[in-house]
Structure formats: structure tokens, C-alpha cells
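First the structure, in the form of C-alpha cells, and then the observations on it.
Residue numbers count from 1 along this sequence.
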Amino acid sequence: MAGGGLAVAAAGGVEFEAKITPIVIISCIMAATGGLMFGYDVGVSGGVTAMPDFLKKFFPVVYRKTEEGKLGSNYCKYDNQGLQLFTSSLYLAGLTATFFASYTTRRLGRRLTMLIAGVFFIFGVIFNAAAQNLAMLIVGRILLGCGVGFANQAVPVFLSEIAPTRIRGGLNILFQLNVTIGILFANLVNYGTAKIEGGWGWRLSLGLAGIPALMLTVGALLVVDTPNSLIERGKLEEGKAVLRKIRGTDNVEPEYLELVEASRIAKEVKHPFRNLLLRKNRPPLIISIALQFFQQFTGINAIMFYAPVLFSTLGFGNDASLYSTVITGAVNVLSTIVSIYSVDKLGRRILLLEAGVQMFFAQVVIAIILGIKVTETSDNLSTGFAVLVVIMVCTFISAFAWSWGPLGWLIPSETFPLETRSAGQSITVCINLVFTFVIAQAFLSMLCHFKFGIFLFFSGWVLIMSIFVWFLVPETKNIPIEEMTERVWKKHWLWKRFMHDDDEYVHHDDLAKKNGFVGPL
């Protein structure tokens, strides 16, 4: 899923003196609200699009197809570009907002950027809950998308900078965990509101997003900005004071001096996006782009966005389909917790490869069941087969949640060098949102045309991404970020060819040409 964080180690692997202070705990709650908000927005859209009253008001064509028996095909009853735009507009807006959020995070600070995200969320919730027509509904989703763009850029960076080094990795996946909790919360809300008589249950589902939105806004008002951000903007003494406060000690001089030095080095790199194209930076860039692409083409967002619609298509009925979605949401949360405990013990590659086998198997079994049992116009799966489909969907989600979900973000965040880390994070977020939008906009049409083959399509991509991991993704477990070049890239059978000691972070055309580029960057 879209979401994630940034893990930053001290230079030379030094562990600075730090306590886990109350302000760090408050920051964890902040992460929870940012993740909850994003997860809730992802989960709630699939639920309300399965509610007849919602469809009747905004998508009458789809409503007639589903309710009045005018089904050309069981797989095609939800195929509607407007319905898909309702879901995917959030990600398109998030993609656009990311470019502005990158600027505000750097110039205005992490805290103010989170505040802007909270305000966008609140206005988006108001528009959605009070929507009278499709235009108002889409405007609300676009405002929520802007909130997602600002929050996903600022919250992970805020967390990584305010947390003591020893718990940064856990906080990284904690953000993803809270996204999954947000999805589960949305599924539970949808399950309850679907039973409300009078046709206003969908308004309550969309309106309850106001709770995490308000929590994020209030939280942004209460916390201080990070020392990194304050120092980066020239507020050295204020940055030092905040560092003492969050570390719970007066002995912050070593860390403070490193932050000042890191800020100085970062300022020397005037064009970090150009530096990403230097030959020595291509391995982490290629892997980051590939991981974001593959993360979406596992098919996870298709299943999470449209799980209620998917189960309804299989003949579960609205109530049973929402119930099944709650089960899958719970599996998502529990499996992400597994990742928190196993990622630094088993390593990244083992989790990715094991999950590839598990996801491939689950999708092929689902495709076989659907191919045999769900015809163009069949109304129901037998109970046994229906339960098996839910089990296979849970098998798929659990594999994703302890592998491609959190690791798709963790690996890019720990492989870029400091000078290009911010630019690398922006590219990572953008690529993720682009393909999230593509899948969200295309899935229901793909389901209509591919039918059960949709799962074979995604399983094919799972096979390709597993081969990619086997040959091209190195193990980064327990390796300090500043030692990645020496201990990872220079020892990899392919990527070592890209590593040259004479590469420097400069912007002269002659060096660019030497590194394989012709013409100005």
C-alpha cells in the first residue's frame, strides 16, 4: 500500500545517547493518525461502493445493473469509469500534492506540512459526508488526496528524524501497521453502517474519517518540529533546544554537530534529482522504482479497494461480502505485526521470496475456483467454495502484509545515500501513487474483460517480481545506511559494475558524460 517511512542511521554507525521520551511517544500517536487516515480512506471507498443507497444516489447505472437483474455479466456489473474515478481520484490528487509537499517539508518544516495535510483531510471529509452530487463527491476525494500527498511526505520523515536510532526501523513499519489498522477500522464501520435503514449509512462511513483527520490536525499543533528541519532552516539554537527535549538528555552535542554537518552537505547538493542519475546512484534508483511498480502489480490494492465489490460479484451478498472484508482486514493487521518482529531477524530477501511463492499459489487457486464455479451470470458460490476463496484471499493478504507491503517502502528508504535521500523518497512516493492510480482506475474494467483471468494476470507479475528479487535485490539486514556502498553494492554481482570511487556529487556536464549521459542533465 501507499505509505511508508524513512530510516536514517548515524554516520559511522554511532549510537547517540537518547531516551524514549514522552514527546517521542506523542510522535508515535502522530504516525498512527497519519497512517489511520490514509488506511481509512483506502478501506472506506470499497465499502461504500458496495452499498445500494450510495450507488443509487451517485451511480444509478451501476445500481440498476446490480439491483434490477440487468446483468450482462457477473464480472461487469461494477464496470463504470465514474465509480472507478471516485476511488482513484484520491491517488491522482495525492501524486500532484506530493510535488508541493516536497517543497513545504523542506521550506516550512515537517510539522506545518502535517498541519496542512490535516486541514485538507478535514475539508475533504466535510465535502464527502455532505455530498449532494457526483462532482461534490469527487472534489471531496481530491481534497483527501491532497491530504494523503502532504501526510505521506511529511509524517514518515518527521518520525525518522524525531525517533532514537534504535527504534527507527520499527517505527517505519509501524506506519504501515497503522495503515492496515485504518483499513480494518473502515471495514468495521462499513459493516455497521450497511445495516442502517434510511439510506444515510454511507454518509456516516465517509464522515467518520473526520476522527483521524482531527487527531492529525490537533497533533500537528501540539508537537514541535524536528531538530533536522529547524537546523536545515537556519534555526540552530532552537534546533539544539528541541534535540535536548526529545532525547531527554543534555549530552546532545555529538548528534547536534552531525545534524549541522549533514545539513551543510545536503545544502551543497543543489540538484539532488540530477544526482540520482549519476551512475553510482542507479542501483538504488532502479530497485526503488521496481519495488513500487511490483508492489502495486501484486494485485493487493485491487483486492483491498474492491474487496466488498469482489465478494459481492462472487455472490456473497452485500452483508456477507462486508463481513468477509473485515476478516481480510484483520489478517492484514496481524500479518504486518509479524513483519515488525521478523524483518530484522530473517532478513528482507527471505520474506520477499517466501511471500512470492505464497501469493502465486493463492492467486492461481482463486483463478481456478472462479474459472470453474463463477460463470457469466451465476448467482452464487457454494458455501464450501466461498469459504475457500476467502481463505485464499487471506493467504494472499498475509503474504503481502509481511513482505511487499512494508518492505516496498523500507528497502528504498535505507539504500539511498544522504545527499539524494529526500529526492529518492519523492521519486518512490510518486511512482507508488502513479501505479496505485492506474490499478484503481483500471481494476473493475480489467475484472470485466479478464474475468477470473485477472488473478492469473497478477500471479504472472508475482512470478516476475520474485525472479527480480532473487537476482537483483541484495540483503540489507543489519547493515548501517552509510555502509551500503561498501558492504552491499560493491559486493553484488551486477550492481558492483556501477560503483566507482571517482563519482562525485557534482553537476558538471563532463562528469555526466563520463557516467554515460550525453548532453546536459
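- Contact check for Pro52 versus Leu55: no side-chain heavy atoms found under the 4.5 Å cut-off.
- Here Arg110 pairs with Glu161, Glu232 under the salt bridge (charged side-chain N to carboxylate O under 4.0 Å, His left out) rule; sequence neighbours left out.
- Atoms CZ and CG, from Phe437 and Leu90 in turn, are 11.0 Å apart once rounded to the nearest 0.5 Å.
- Counting heavy atoms from C-beta outward, Trp470 and Leu353 have side chains that approach closer than 4.5 Å.
- For the residue pair Thr436 / Gln296, a side-chain donor-acceptor distance below 3.5 Å is found, with atom types taken as modelled.
- Taking CG of Leu184 as the reference point, atom CD1 of Ile181 lies at 8.0 Å (rounded to 0.5 Å).
- Contact check for Ile431 versus Val434: no side-chain heavy atoms found under the 4.5 Å cut-off.
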Could you walk me through whether Gln363 and Thr298 pass the side chain to side chain donor-acceptor pair (under 3.5 Å) check?
CA-CA 10 Å; Gln363 286 179 319; Thr298 56; over 6 Å; no

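- The list of side chain to side chain donor-acceptor pair (under 3.5 Å) pairs with a residue in residues 209-219, not counting sequence neighbours, is empty.
- Interatomic distance, Phe120 CZ to Leu144 CG, rounded to the nearest 0.5 Å: 11.0 Å.
- Side-chain atoms of Thr49 and Phe86, non-hydrogen and from C-beta on, do get closer than 4.5 Å to each other.
- To the nearest 0.5 Å, atoms OG (Ser403) and CD1 (Ile300) are separated by 9.0 Å.
- Put simply, OH on Tyr191 and CD1 on Ile327 are 9.5 Å apart, with the number rounded to the nearest 0.5 Å.
- Between Gln292 and Pro412 the shortest side-chain heavy-atom distance falls below 4.5 Å.
- Distance alone, capped at 3.5 Å, is enough to place a donor-acceptor pair between the Ser342 side chain and the Val338 backbone.
- Using a 4.5 Å heavy-atom cutoff, the side chains of Met465 and Phe293 are not in contact.
- For Thr104, the side chain to side chain donor-acceptor pair (under 3.5 Å) partners at least two apart in sequence or on another chain are Thr113.
- Other residues, nucleotides and ligands contribute over 12 non-hydrogen atoms within 6.0 Å of the CZ atom of Phe457.
- Sorted by first then second residue, the side chain to side chain donor-acceptor pair (under 3.5 Å) pairs that include residues 120-144, not counting sequence neighbours, number zero.
- No donor-acceptor pair under 3.5 Å is formed between the side chain of Ser335 and the backbone N or O of Asn332.
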Show me, pair by pair, the donor-acceptor contacts under 3.5 angstrom made by side chains of residues 199-213, not counting sequence neighbours?
residue: Trp200; atom: NE1; partner: Glu197; partner atom: O; Å: 3.4
residue: Trp202; atom: NE1; partner: Gly199; partner atom: O; Å: 3.1
residue: Arg203; atom: NH1; partner: Ala129; partner atom: O; Å: 2.8
residue: Arg203; atom: NH1; partner: Ala131; partner atom: O; Å: 3.0
residue: Arg203; atom: NH2; partner: Ala131; partner atom: O; Å: 3.0
residue: Ser205; atom: OG; partner: Asn190; partner atom: OD1; Å: 2.9
residue: Ser205; atom: OG; partner: Thr193; partner atom: OG1; Å: 2.7

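- With Gln358 contributing its side chain and Thr395 its backbone, the two residues share a donor-acceptor pair below 3.5 Å.
- Within a 6.0 Å sphere centred on CZ of Phe361, other residues, nucleotides and ligands contribute 12 heavy atoms or fewer.
- Summarising the geometry, atom CG belonging to Leu352 is positioned 12.5 Å from atom CH2 belonging to Trp402; distances are rounded to the nearest 0.5 Å.
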Would Trp409 and Trp404 satisfy side chain to side chain contact (heavy atoms under 4.5 Å, CB included), going step by step from the backbone distance to the final call?
CA-CA 8 Å; Trp409 292 98; Trp404 285 92; over 6 Å; no

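- Every residue two or more places apart in sequence or in another chain that forms a salt bridge (charged side-chain N to carboxylate O under 4.0 Å, His left out) with Arg348 is listed here: Asp344, Glu414.
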